[in-house]
Every structure is written in C-alpha cells, then in structure tokens.
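Quick note: residue numbers are just sequence positions, from 1. Keep in mind the model is a prediction, meaning the values are calculated, not measured. In listed order, ligands and their atoms are each counted from 1.
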Amino acid sequence: MTNHWEDIKNADMVLVMGGNAAEAHPVGFKWAIEARNFNKAKLVVVDPRYTRSAAMSDFYAPVRAGSDIAFLGGVINYLLSNNKIQTEYVRHYTNAPFIVGEAYSFNEGIFSGYDEAKRSYDPSSWTYEKGEDGFAKVDMTMEHPRCVFQLLKKHYASYTPALVNKVCGTKEADFLKVCEYIAATAVPERTMTILYALGWTQHSTGAEMLRAGALMQLLLGNIGVAGGGMNALRGHSNIQGLTDLGLLSTNLPGYMSLARDAEQDFAKYLDVRSTKPLRPNQTSYWQNYPKFFISQQKAWWGDKATADNNWVYDYLPKYDTMYDILRAFEMMNQGKMNGYICQGFNPVASFPNKKKIIAGLSKLKFLVTMDPLNTETSEFWKNHGDYNDVKTAEIQTTVFRLPSTCFAEDQGSITNSSRWLQWHEKAAPPPGEARTDIDIMAELFVRLRAMYRKDGGAFPDPVVNLNWSYKVPHMPGADELAKEYNGKALVDLTDPKDPTKVLVKAGEQLSSFAQLRDDGTTASGCWVYCGAWTQAGNQMARRDNSDPWHIGQTPGWAWAWPVNRRILYNGASVNPATGKPWRADKPLVSWNGKSWVGSDVPDIGLTADPTAPDAVRPFIMTGEGVARLFAPTGMAEGPLPTHYEPFETPFESNPVYKDPRAKSNPAARVFKGDMEAFGKPKDFPYTATSYRLTEHFHYWTKHSKLNAIIQPQQFVEISEALAKEKGIGHGDWVKVSSNRGYIKAVAVVTKRIPVLDCGGQKVHTVGLPNHWGFVGQTKQGYLVNTLTPFVGDANTQTPEYKSFTVNIEKA
Ligand SMILES: Nc1nc2c(c(=O)[nH]1)N[C@H]1C(S)=C(S)[C@@H](COP(=O)(O)OP(=O)(O)OC[C@H]3O[C@@H](n4cnc5c(=O)[nH]c(N)nc54)[C@H](O)[C@@H]3O)O[C@H]1N2
Ligand SMILES: Nc1nc2c(c(=O)[nH]1)N[C@H]1C(S)=C(S)[C@@H](COP(=O)(O)OP(=O)(O)OC[C@H]3O[C@@H](n4cnc5c(=O)[nH]c(N)nc54)[C@H](O)[C@@H]3O)O[C@H]1N2
Ligand SMILES: [Mo]
C-alpha cells in the first residue's frame, strides 16, 4: 500500500476493482465502510461477479475478466478528453512534461523495439530526449507533441465508451457512470483510494493493470494524499515481509537485486543500480545503493567482507534467468531439478496445471515439506482415485516431512499491507515434534556448514564464512534476527563535518538507513527495515494508538518502513506553488517557509523548499523525482499499459489492435509446448475465474472441522442464463473442463454472475471458488488448479489464474 488501512476512512471515493475486500479482507474492509458512513464516500465496485463488496456498494459495474486495461484506458481517455485531471499536480509531480525520443513508436499493439523470435523488447527507444546538460528534456506547457502528456492522449484516444463495451462487456451507461464517480475526485479537495489485489495481479498483463490504475490516480492527483493511493491488499499475513526481505529468486533484501551472469564487475554492478538524477536537484535515492549493499554484506559475512575483496561480492550467486516457481516446475519436468524444499507452500493445490506440477514432483530425487499440516504436496505420490490418479509405484521421489509451527507458536514480527512491522509474542508451545521455521532452517544450516567444513566442496566459502553469531546457533532468537536486519555501527560513527563528534558508538543499533555507510563501518541486513529495532528498543512492539491529527495517522503504533513514513510520496500532498496542503482538512505535511511540519515523515529533506525553482520532488526512488505515467524502463511489455487478451480468451483476436502478434501479451514467457496447451474458443467457450471465500483460508482451513462444516465442498457458480442454455439446475453435479483436465463440482446457479454483451458477442463467466482438495476435513474433491494455464505476468510471472477458458456440462 502507498497509504495504510486506517487511512482508507479519509477517502471520498473508494474504488474496489481487481479485488473483493469484503470477502478476502473483511477486517480491513471496515475502513471502507467508515469512509462511507462518516465521510460520505462513494463505494464503487468493478468485478466480473456481483461480490460481497458489491453488495455494500453505491454502484457496481461488471467487467469481463482480463479486460481491465481497456476499462481503465477508457477512464483515462475520459479524464483527458473532459479535462477532469488535476493539472498542476500532473505538471509538477508526474513525468507528463518529459519529452520522449523520436525513435519511440506504437503501432497496432506493438511498441518499438520488439523482437518476435525472442518474445521480448529492447526498451532503448522508450527513453527521454536528453539536453546538453545531460538531463532529460521537459516542456512544462505539456504541449510538445512527444511529451508524455501528448503521447498519453494519443495512446488512449481509441479507448472510447463503445470500445470499452466491446472489450469489457460493460454497458456504456454503466461505464460512464463509473467515469463520473472517478472524475469527481480530480479536484484537490476530493480523493479516491483504490483497493485491489489478485483481480489485477493474476493476469498475463497484471503489472500493467496496476500501472493503469496508478496512472489514473496520478492524473487525478490522488497519490501521496490522505484517502488516496494505490493500495495492494496483501495476501498471507506476512507476504509484504516476504518481498521486503527479498525472497524472490533475483532479489536481495530491501528491493536490491542480485547480479546477472554478465555482471562480474563489482564497480559496474553498483554503478548501474546507483541511478543518477534525470533532472536537476532530484534525490534519486538509489544513488545510495552502495551503502545499502555493502552494509548488507557486512551483516552477512562480517569481517570476511572487506574493501579488498569487493565485500565478498563473489559470494553471491549471479543469475542467468529468473527462477520463479513456474520455471522451477518447468525445470523439474525437463529433469533439470533434483530436489525441492516447500516451506509453507502447497504447490500441488496452489500452482497452475496440476498435471504438470505432479509430473514435475514425480521426477525429483527428493522433496522436503516444512508445514504444520499434511498437504496435497506432501501426499502428491498417493493415489486418491480420480482426484489424484497417480501411479504411486512409478514415483521415485523421497518425501521428507518436517512439521513446523504456526505464527501463534512463535514470536516475531509480521509486516502488514500498510508496511507496518508489528511484533507479536509466542502464545502457545508447538505440538508434538513440531519446531519453528527458524529452528528448522538454523539446524539445517548448522549441519550443512559442518559438512562443508569437513568435506570442502566446490565453493564452501559463502557457507562456512557466513556470520552466524547467535547465542544458540541452532536456535537463533527472533529478536537477534530482528536486530541484525535493522543493523548496527561497527566502529564509532563520527560526523563527517566534525570528526570529533561521535554520532553512533561502535556496537550500537542504528536508528535510520540515512546512517548507513559504504566503507564497511555499518552493518544492516535489510536497509528498508533499518529503524525497526534501534538503540531505544523494539519499535515494532510500540502500541501507542493516539491519533493527534484525527486522520488515522498513528505514528506511535508499531513501525512502518521506510523511516516510519505512513503515506508514501506525501510531499505531493502540497500545492507546489505554496507548499501548503491541497486540502487543509487532512494535512499530511506542510511547508512553513523554513521546514516541513505535519503528521507524517516527509519524503524529501526537512529544509527542501517545494516552491523553489527545480524543487526536490517527492518520488525520490525515480531519477526523475516525479512519478512515471510513461515508464521508460522496467516494464517488459512496453511503457504504457495496453490491452492484450488473456492467453485463453473467448475472442479470436485482440478487439483493439490489428497486429496478430499483439493478441496476447507479446512479451509474456510461454514455455515450449505450453502455447499448444491453451484452449481454443470453439472447445472452451466460457471465461473462467477463480477466487476466495471468507469461510476458508486457501488450503489450510479445510483441515478445520468448523470451516469444513460451513463450506464443505467444491462448488461452481454460473448465471441463470448459462444454466438454462446447458440444462443445469441449482445443485446439479457439473463437469468443468479446460485443455488441461477437468473437475467435478456442485453447480450454484446465481444472479450474481452477470452475462456480458461484448459489442454483440455474448460472454459467460464460470466462477470457481478455490479452497478444496483431496486432503483435509472437507469432502474430498478435485483441485481447481487442475484447470488453470501455465503462464504468468510478463514481469512477475504471477500465474494467470483470473482469466482462462473452460467448458461446462452436466455431469
Ligand atoms: N478468507 C480468506 N481471505 C483471504 C485469503 C483466503 O484464502 N481466504 N487469501 C489471502 C490472499 S493470499 C490473497 S492474495 C488475498 C486475495 O484477495 P482478492 O484478490 O480480493 O481475492 P480473490 O477472491 O482471489 O479475487 C478478488 C476478485 O477479483 C475478481 N476478478 C477476477 N478477475 C478479474 C478481472 O479481470 N478484473 C476485475 N476487476 N476483477 C476480477 C474476482 O471475481 C474476485 O471477486 O486474499 C487474502 N485473504
Ligand atoms: N486458481 C487459483 N490459484 C491460486 C490463487 C487463486 O486466486 N486462484 N491464489 C494464489 C495465491 S495469491 C496464493 S498466496 C497461493 C497460496 O498458496 P500456498 O501458499 O501454496 O497455500 P496455503 O494453503 O496458503 O499455504 C501453504 C501452507 O503453509 C502452511 N503454513 C501456515 N503457517 C505456516 C508457518 O508458520 N510455517 C510454515 N512452514 N508453514 C506454514 C499451511 O499449513 C499451508 O499448508 O495460491 C495461489 N493459487
Ligand atoms: Mo496471495
């Protein structure tokens, strides 16, 4: 979230699109209700289904699964053509005035730089034109034909209400009504928040859907303000912590990145990541990358990391490609991966194309599961009849099951969607032989290190030299780990301006990442978490809920990264002409002529004058200093969100663009053989989407009798019209099939699934709640992921669970 849960109550308009907060985030959703009840906010829901969120809304509009970029592109076109934007915000806080180079082009769905054979882009033509001063050129009138503002207008001009109807199936009148609700927040006094989750991320164009939402919010001046923002409602309780700590194959903690194979040169590795400012005076905070990286190496390898050995840069692996989960299973299938450790992960249930997942696991030498429960994954080798028809005798995989604990049986911190690190205590001892995840990992490490010490091996150094100075090596405390990721001074840190003045004594905890240094004198395991456990103690355990500004900013509750900032980009909440808040009733920060004051920690220096020429702008992680409407780098499929069809679609072609290469995301990775595994509309004519129910949490609560009683078995939701067409009655057994397999389930015939009229083509949606399987207390059944396709978002590789095609018939 750019903002935080409680801040939702400040919104004048809540758009729930690409998520179903009432169902999947029922506790947090209370803030949307508070906005409605106490702030007279409007609540608008756009979803292929009439959801529990929709039931609470002022207005609901249906949309075809996978078509949100067309919808949002339509809103963007509406805002631009009706001048419903916050112009001064756009001018000063976004890259709208930046001029893009002449080589950039876009034609019928394909951007310049496309290589069809490699299914990828060379983004070099998407860059800004540079001036003689080396900075990007801007036209503050935003009239230059190649400035981002004009390119944006051109890009979305074809996204008319008629086109939205044709692509999304939303009636023009409904679409225009949503536009009006949204456009009402273009004034500085009104803000909109967007609450989204998987309805946007789980598509082959997921990351661009989010960008389209963010782009719309920026045009409206709704980013960096109270009651605004792009708010990703995260999934598992600590999934925000997972990404913060870099637990993805190509990441390091704090959103740093591992080196590629080609980056053997340490200086170059640092240089490329130390992004220089693209405009005068801008912060471009990644310029501090060496401080973060070297402090991390000191935390991990202590005295072994020295300037002479490039801070043991060579200890880190370099990557040739991203080893995301889809790739891991592809490699198992190809026999290129021998072992797999599943810690709190049940891929047989949760990953797409179950048949391929099982085939992959069956080729492993060993599989380790670390889980408090028995799962479909730990039992993949067992025949469960039609639900899992494997030939056990042919599977050679050895499965090790390590029983672990649940969060309540351990102490530690959980980072929520608001970026708050909240400390919790242990409430109960683990049952039976279960051990905490930390203990299991530590014990594995200690034993592996002993083996490396004894036997050597190809490259034992990173393992045997790892800094492991915990009191009990096979049982590190959560507090010890937390202090380590915060970081400490390794020598007395003195003031660079006055070397006699000691700022932090050797051995003391640091209080902010601003104290990190690139000379090996500081250690910090995760720079964005620096400040969580300071010399003053555990900041995550703070429980002061006072709200001095009466807008839900509670700076004394827990600790938010970065630097306890509650709302990101809050510097954009002021009018750049005056430095005073756009809206006086909900002030975040304000410029008093000399410094910043207010309810939040400003993004920019305390004394940086926002009204000065070339003022420092609050989007400090970009070289531009402002937000990117147009992304010159970073996106696989192009600088502007563009409608592509899901890989499985009821349409024969892209209804927006003529180039056949642009039917589906031209830069999405498709493994060999998988293109053929996508279904064709003639065989699988219906759009399917999968989702959650409040009554279950994924695949764990099916082990609990109470949950099993309230939602005992797999069902499938279809419209009354489709039921009639197919002769299916409420409560009948149906068979739902895709090109990868089938499931059988009970039909729920409901008015809550609308039939869409996409410019004359009728589109039916089949709704698949996703919580059951063949292990647990619920009725034994099939896994929904028997049906889903093995393709992901082009940037993140998040699977396309939310839009694929199926057939349905009475079983
Ligand atoms: N009770 C409960 N709560 C949970 C979970 C759980 O299992 N049970 N899981 C947690 C996890 S891990 C996560 S990630 C979150 C997920 O939270 P959500 O993303 O809110 O949950 P979903 O139900 O998967 O999907 C949300 C909605 O997206 C809609 N949708 C599908 N396709 C599209 C589309 O193309 N466009 C639009 N606009 N909408 C679409 C679906 O109809 C559905 O209503 O929930 C968390 N909360
Ligand atoms: N079709 C379809 N598929 C989906 C989705 C969808 O919307 N549609 N959503 C996707 C999403 S967003 C997600 S997050 C995934 C979830 O997929 P998974 O993470 O694979 O599934 P879960 O059942 O949430 O959790 C896996 C295991 O974690 C264990 N666990 C709980 N606490 C702990 C702990 O403290 N330590 C350890 N070691 N284990 C623990 C649980 O017992 C459980 O067996 O599913 C994805 N799959
Ligand atoms: Mo999730």
> What are the atoms of ligand 2, with element, lying closer than 4.0 Å to any heavy atom of F345?
20 (O), 26 (C), 27 (C)
> Is it the case that the side chains of Q777 and N707 hold a donor-acceptor pair, with the cut-off being a distance below 3.5 Å and no angle test?
no
> So, for P754 and P62, which heavy atoms are closest and what is the spacing to 0.1 Å?
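Taking P754 first and P62 second, the nearest heavy atoms are CG-CB, 3.8 Å.
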> Give the protein residues with at least one non-hydrogen atom closer than 4.0 Å to an atom of ligand 1, ordered by chain and number.
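These residues qualify: M17, G18, G19, N20, E23, A24, H25, V46, D47, P48, R49, T51, V63, A65, G66, D68, A197, L198, G199, H203, G235, H236, T689, Y691, R692, L693, T694, H696, F697, H698, H771, K802.
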> Considering the heavy atoms of S404, write down every atom of ligand 2 situated less than 4.0 Å from one of them.
36 (N), 37 (C), 38 (N), 39 (N)
> I'd like to know if R327 and E330 make a salt bridge, using a cut-off of under 4.0 Å between side-chain N and carboxylate O.
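No.
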> Charged N to carboxylate O below 4.0 Å: is that the case for E645 and R64?
yes
> Using 4.0 Å as the upper bound for N to carboxylate O, is an ion pair formed by E648 and R740?
yes
> With a cut-off of 4.0 Å, which atoms of ligand 2 are near a heavy atom of T375?
44 (O)
> Using a plain distance cutoff, I'd like to know if V784 has any nitrogen or oxygen under 3.5 Å from a nitrogen or oxygen of ligand 2.
no
> Which ligand 2 atoms, with their elements, are less than 4.0 angstrom from a heavy-atom of M370?
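Answer for ligand 2: 37 (C), 38 (N), 39 (N).
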> Going by atom types only, do H25 and E23 share a side-chain donor-acceptor pair under 3.5 Å?
no
> Would you mind telling me if ligand 2 is within reach of the side chain of N346, the backbone, both or neither, using heavy atoms under 4.0 Å?
both
> Less than 3.5 Å apart, any donor N or O on the side chain of T750 or E717 sitting next to an acceptor on the other?
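No, no side-chain donor-acceptor contact under 3.5 Å.
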> Does W772 use its side chain to pair, donor to acceptor, with the backbone of Q711 at less than 3.5 Å?
yes
> Go through ligand 2 atom by atom and flag the ones less than 4.0 Å from a non-hydrogen atom of L373.
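Those of ligand 2 that fall under 4.0 Å from L373 are 42 (O).
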> Give a yes or no answer on whether the side chain of H771 reaches the backbone of L693 with a donor-acceptor pair at less than 3.5 Å.
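Checked: pair present.
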